[in-house]
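Throughout, protein chains are lettered first and strands after them, A, B, ... in sequence-line order, and every chain is numbered starting at 1.
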2 protein chains.
Amino acid sequence: MLSNSSKYALKAVLYLANKTDESHKLMVKDLSEPTQVPKAYLAKLLQALSKQNIISATKGPKGGYYLTKENKENPVYSVIEVIDGNQRLEACVLGIDECNAQHPCPLHEYVNPTRTALLSTLKKMTIAELSLDLSNGASFLSR
Amino acid sequence: MLSNSSKYALKAVLYLANKTDESHKLMVKDLSEPTQVPKAYLAKLLQALSKQNIISATKGPKGGYYLTKENKENPVYSVIEVIDGNQRLEACVLGIDECNAQHPCPLHEYVNPTRTALLSTLKKMTIAELSLDLSNGASFLSR
DNA sequence: GAAATAACATGATAAAAATCATATTTCGGA
DNA sequence: TCCGAAATATGATTTTTATCATGTTATTTC
């Protein structure tokens with residue numbers, strides 16, 4: 001459904017969400033372990049997210065990655081969008097460019113409602129909201 | 001969401017559904033054009049589907065691919081399953097193996113209901129049912 | 001202002017997915 | 001029974017995704 005890259009990015013961002021802010025940062029290696037994402041690979045993903053202002057970073061000693069208030073207000077979908085682009089979830093299930101409500105592919109009417117619902121959730125819900133369950137112990141990023 | 005292979009396979013199977021039966025078959029090249037799928041690639045996909053009895057085939061002159069009554073009663077999902085496997089749509093969105101209702105990932109409760117609905121649709125609906133709209137002119141495989 | 005530490009930029013390698021090509025088998029018809 | 005037409009089996013190539021590695025730049029601290 002999502003690429004590995006998106007999955008990894010989401011895990012890292014959610015982890016950052018309730019562990020960091022402007023004065024509490026984390027380095028790649030501190031993210032790699034709890035999220036189970038290979039360090040070098042994660043580094044590349046974080047750089048991409050940082051460049052698109054989905055997450056924040058400062059270089060040098062005492063530096064690291066973190067999420068500002070504004071970062072935390074971003075929709076969950078923004079992470080997916082930066083990494084996978086928007087076509088992966090939004091394009092026609094059969095990959096037919098001309099598919100739309102007026103000129104639907106055979107799956108359109110069956111798949112679209114639930115797909116739209118999913119997208120709408122991902123676009124409305126913020127990183128902050130989603131990470132709440134995590135801090136409550138109501139959800140988990142690993143065993 | 002789906003791999004290119006699955007998209008291609010679905011298009012081909014749906015096309016076969018209302019163009020073929022035991023006495024009307026189609027060759028790869030006759031499927032390649034209307035579905036917009038590269039011929040050699042489609043050939044490989046059809047062979048995989050045939051081997052798993054999702055579609056039927058006969059060799060030699062007057063041969064080709066076709067769908068029997070039984071083939072047409074298969075769920076749409078069976079095509080996806082043969083090509084992509086079941087993990088692509090059924091595994092945890094974040095790729096966390098231990099994720100389940102009792103031990104959910106942060107996205108689980110938000111994504112799962114709609115994902116389950118989607119899967120249930122794909123597993124219930126048969127090829128025959130889905131191809132009806134196509135024969136009505138209510139849906140399309142290309143422009 | 002030098003040294004250490006962190007992200008950043010870039011590119012190399014590996015694995016998987018997508019695509020193409022070709023020889024082999026099976027079957028129908030002349 | 002032989003020829004051609006079709007799927008089948010197999011594998012080669014290309015492209016994309018995933019992964020690893022390393023040199024460069026910015027920033028803090030001494």
Rounding to a whole Å, what distance do you find between [X]:[atom1] and [N]:[atom2]?
| X | N | atom1 | atom2 | value |
| --- | --- | --- | --- | --- |
| B/Tyr66 | D/dA7 | OH | P | 12 Å |
| A/Asp30 | C/dA6 | CG | C1' | 11 Å |
| A/Lys62 | C/dT5 | NZ | C1' | 12 Å |
| B/Met27 | D/dG4 | CE | P | 17 Å |
| A/Asp84 | C/dA17 | CG | C1' | 15 Å |
| B/Lys39 | C/dA21 | NZ | C1' | 11 Å |
| B/Leu67 | D/dA7 | CG | P | 14 Å |
| B/Gln47 | C/dC20 | CD | P | 15 Å |

(request) State which of C/dA7, D/dA9, D/dA6 makes the closest approach to the side chain of B/Lys29. (result)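 Nearest to the side chain of B/Lys29 among the choices is D/dA6.
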(message) Counting only side-chain heavy atoms from C-beta out, which of D/dT28, D/dA21, D/dA7 sits nearest to B/Val28?
(response)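 Nearest nucleotide to the side chain: D/dA7.
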(message) Expected output is a numbered-order residue list: members of residues 48-61 of chain B with a heavy atom under 4.0 Å from any atom of DNA chain C. What is it?
(response)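 Nucleic-acid contacts, sorted: B/Lys59, B/Gly60, B/Pro61.
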(request) Mind listing the residues from residues 2-9 of chain B sitting with a heavy atom below 4.0 Å of DNA chain C? Number order is fine. (result)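 Those residues are B/Ser3, B/Asn4, B/Ser5, B/Tyr8.
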Can you tell if the side chain of [X] reaches within under 4.5 Å of the side chain of [Y], non-hydrogen atoms only?
| X | Y | answer |
| --- | --- | --- |
| B/Phe140 | A/His108 | no |
| B/Ile127 | B/Asn71 | no |
| B/Cys99 | B/His103 | no |
| B/Pro106 | A/Asp133 | no |

(request) Rounded to the nearest 0.5 Å, what's the gap from CG on B/Asp84 to NZ on B/Lys7? Could you check? (result)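 Those atoms lie 10.0 Å apart.
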(request) First locate atom OG of A/Ser32, then atom NZ of A/Lys11, and finally report the distance between them rounded to the nearest 0.5 Å. (result)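 One gets 10.5 Å once the value is rounded to the nearest 0.5 Å.
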(message) So does A/Ser3 get a backbone contact from the side chain of A/Ser6, meaning a donor-acceptor N/O pair under 3.5 Å?
(response)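 It does not hold such a pair.
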(request) Could you tell me whether B/Glu81 and B/Lys123 make a salt bridge, using a distance below 4.0 angstrom between a side-chain N and a carboxylate O? (result)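 The answer is no: the pair does not qualify as a salt bridge.
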(request) Starting from the C-alpha separation in whole Å, work towards a yes-or-no answer on side chain to side chain contact (heavy atoms under 4.5 Å, CB included) for B/Val37 and B/Leu31. (result) CA-CA 8 Å; B/Val37 180; B/Leu31 282 164; over 6 Å; no
(message) Please classify the nucleic acid contact of B/Leu26 as base, sugar-phosphate, or nothing, using heavy-atom distances under 4.0 Å.
(response)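 It contacts sugar-phosphate atoms only.
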(request) Taking only the side-chain nitrogens and oxygens of A/Tyr41, find out if one of them lies under 4.0 Å from OP1 or OP2 of C/dT13. (result)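 No, no such contact exists.
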(message) On DNA chain C, compare the nucleotides closest to B/Pro38 and A/Gly64; which residue's is nearer the 5' end?
(response)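 Its nearest nucleotide being more 5', the pick is A/Gly64.
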(request) Evaluate the ring planes of A/Tyr41 and A/Tyr8, with Trp represented by its six-membered ring, and classify them as parallel (under 30°), tilted (30 to 60°) or perpendicular (over 60°). (result)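 The rings of A/Tyr41 and A/Tyr8 stand perpendicular, inter-plane angle above 60°.
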(request) Would you mind telling me which residue lines up with the more 5' stretch of DNA chain D, B/Tyr65 or A/Gly63, judged by nearest nucleotide? (result)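 Whichever sits nearer the 5' end wins; that is B/Tyr65.
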(message) On the side chain of A/Lys44, is there an atom forming a donor-acceptor pair with the base of C/dG11 - under 3.5 Å, no angle test?
(response)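 Check passes, donor-acceptor contact within cut-off.
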